[in-house]
Amino acid sequence: MLRLIPVALTALMLTAFPAAAQKLSLNQISQYLNSIQSAKSPFTQINGDGSISTGTIYIKRPGKARFEYNPPEQALVLAWSGAVYIFDRKVGGQPETYPLSQTPLSIILARNVNLGRAGMVTGHGYDGTATTVTAQDPKRPEYGSIQMKFTDNPVELRQWIITDGNGSKTTVVLGGLQKTSLSNSVFDVNRVAN
């Protein structure tokens with residue numbers, strides 16, 4: 001009789017809990033990304049040279065992001081009004097500026113994410129715990145790619161690796177993306193520059 005209890009418990013657990021995670025479709029991932037209006041998360045960034053930075057990321061779609069780095073870093077990165085601004089507070093002066101459309105981050109920040117668009121996804125896999133999608137701008141593949149990792153139940157973006165046009169990789173691991181209400185002023189480059 002006692003030997004039957006573990007069997008009964010196993011059967012009960014199998015029916016009480018959902019099946020193990022599975023590969024997410026491109027449509028599910030697109031819907032998830034489109035559902036994010038504004039959110040924040042702690043992050044850890046692993047740079048191409050192996051150095052590690054931490055901070056908090058704020059996202060407001062479409063087109064806005066803020067990477068606030070923890071000390072000793074003195075950097076601030078803003079995506080605002082179609083451009084990416086990189087402020088180095090140690091050096092001061094004008095920020096480095098790039099068109100957002102020339103960075104793979106623009107895929108996540110787009111008004112309407114559609115990973116089913118022809119030529120956008122160059123890889124779509126599943127490692128047993130997470131779905132990985134590698135995407136690029138099909139009109140501008142020379143600007144690099146973004147590899148995103150998602151878990152299931154509920155769907156959540158866990159990390160991305162941006163490979164720029166020169167082949168340099170930057171990994172951002174999220175500490176739990178939380179939907180929250182954010183003012184546009186959080187991303188306003190004019191507030192930082194003044």
Side-chain angles (χ1 to χ4, degrees), residues 17-46 48 56-67 77-85 98-182 184 186-187:
F17 296 106
Q22 54 188 339
K23 182 177 176 180
L24 297 166
S25 71
L26 296 179
N27 188 42
Q28 286 173 298
I29 292 169
S30 295
Q31 285 177 355
Y32 163 75
L33 290 172
N34 285 323
S35 77
I36 299 171
Q37 296 306 307
S38 61
K40 69 178 185 175
S41 174
F43 72 88
T44 301
Q45 179 174 309
I46 303 145
T56 303
I57 182 173
Y58 302 87
I59 295 172
K60 187 168 185 181
R61 298 179 55 257
K64 298 176 196 70
R66 178 183 181 116
F67 292 80
V77 177
L78 292 175
W80 166 262
S81 197
V84 176
Y85 300 86
Y98 306 94
L100 178 60
S101 63
Q102 292 182 10
T103 70
L105 192 58
S106 64
I107 293 169
I108 294 175
L109 297 177
R111 181 173 302 282
N112 181 31
V113 177
N114 179 5
L115 295 174
R117 216 166 93 204
M120 179 172 275
V121 172
T122 60
H124 182 204
Y126 180 69
D127 65 8
T129 58
T131 300
T132 304
V133 174
T134 305
Q136 64 184 13
D137 182 338
K139 295 179 187 167
R140 303 177 193 92
E142 68 275 14
Y143 293 147
S145 65
I146 183 168
Q147 181 185 74
M148 301 167 281
K149 187 173 273 196
F150 300 87
T151 53
D152 189 9
N153 249 346
V155 177
E156 187 172 353
L157 176 61
R158 296 297 186 159
Q159 80 170 40
W160 65 72
I161 302 170
I162 290 183
T163 304
D164 68 19
N166 300 320
S168 178
K169 294 182 185 294
T170 303
T171 302
V172 172
V173 179
L174 300 175
L177 206 55
Q178 300 171 341
K179 293 181 181 179
T180 185
S181 180
L182 296 169
N184 284 340
V186 170
F187 309 94

Identify all side-chain donor-acceptor contacts of residues 143-151 below 3.5 Å with residues at least two apart in sequence or on another chain.
from : atom 1 : to   : atom 2 : distance (Å)
Y143 : OH     : Q102 : NE2    : 3.4
T151 : OG1    : R158 : NE     : 3.0

Donor-acceptor pair, distance only, cut-off 3.5 Å: does the side chain of [X] make one with the backbone of [Y]?
| X | Y | answer |
| --- | --- | --- |
| Y32 | L157 | yes |
| D164 | S168 | yes |
| Q37 | N34 | yes |
| T163 | K169 | no |

Quick one: closest heavy-atom pair of R61 and I108, and the distance?
NE-O, 3.0 Å
For I36 against A39, the heavy-atom pair lying closest together
CG2-CB, 4.0 Å
Nearest 0.5 Å, what's the CD1-CG distance between I107 and N114?
11.5 Å
For K64, is the NZ atom crowded, meaning more than 12 foreign heavy atoms sit under 6.0 Å from it?
yes
Taking atom types as modelled, find out whether T129 and D127 have a side-chain donor-acceptor pair closer than 3.5 angstrom.
yes
So do L174 and I57 actually touch side chain to side chain, heavy atoms under 4.5 Å?
yes
For residues F67 and F43, establish whether the separation of their ring centroids is below 6.0 Å.
yes
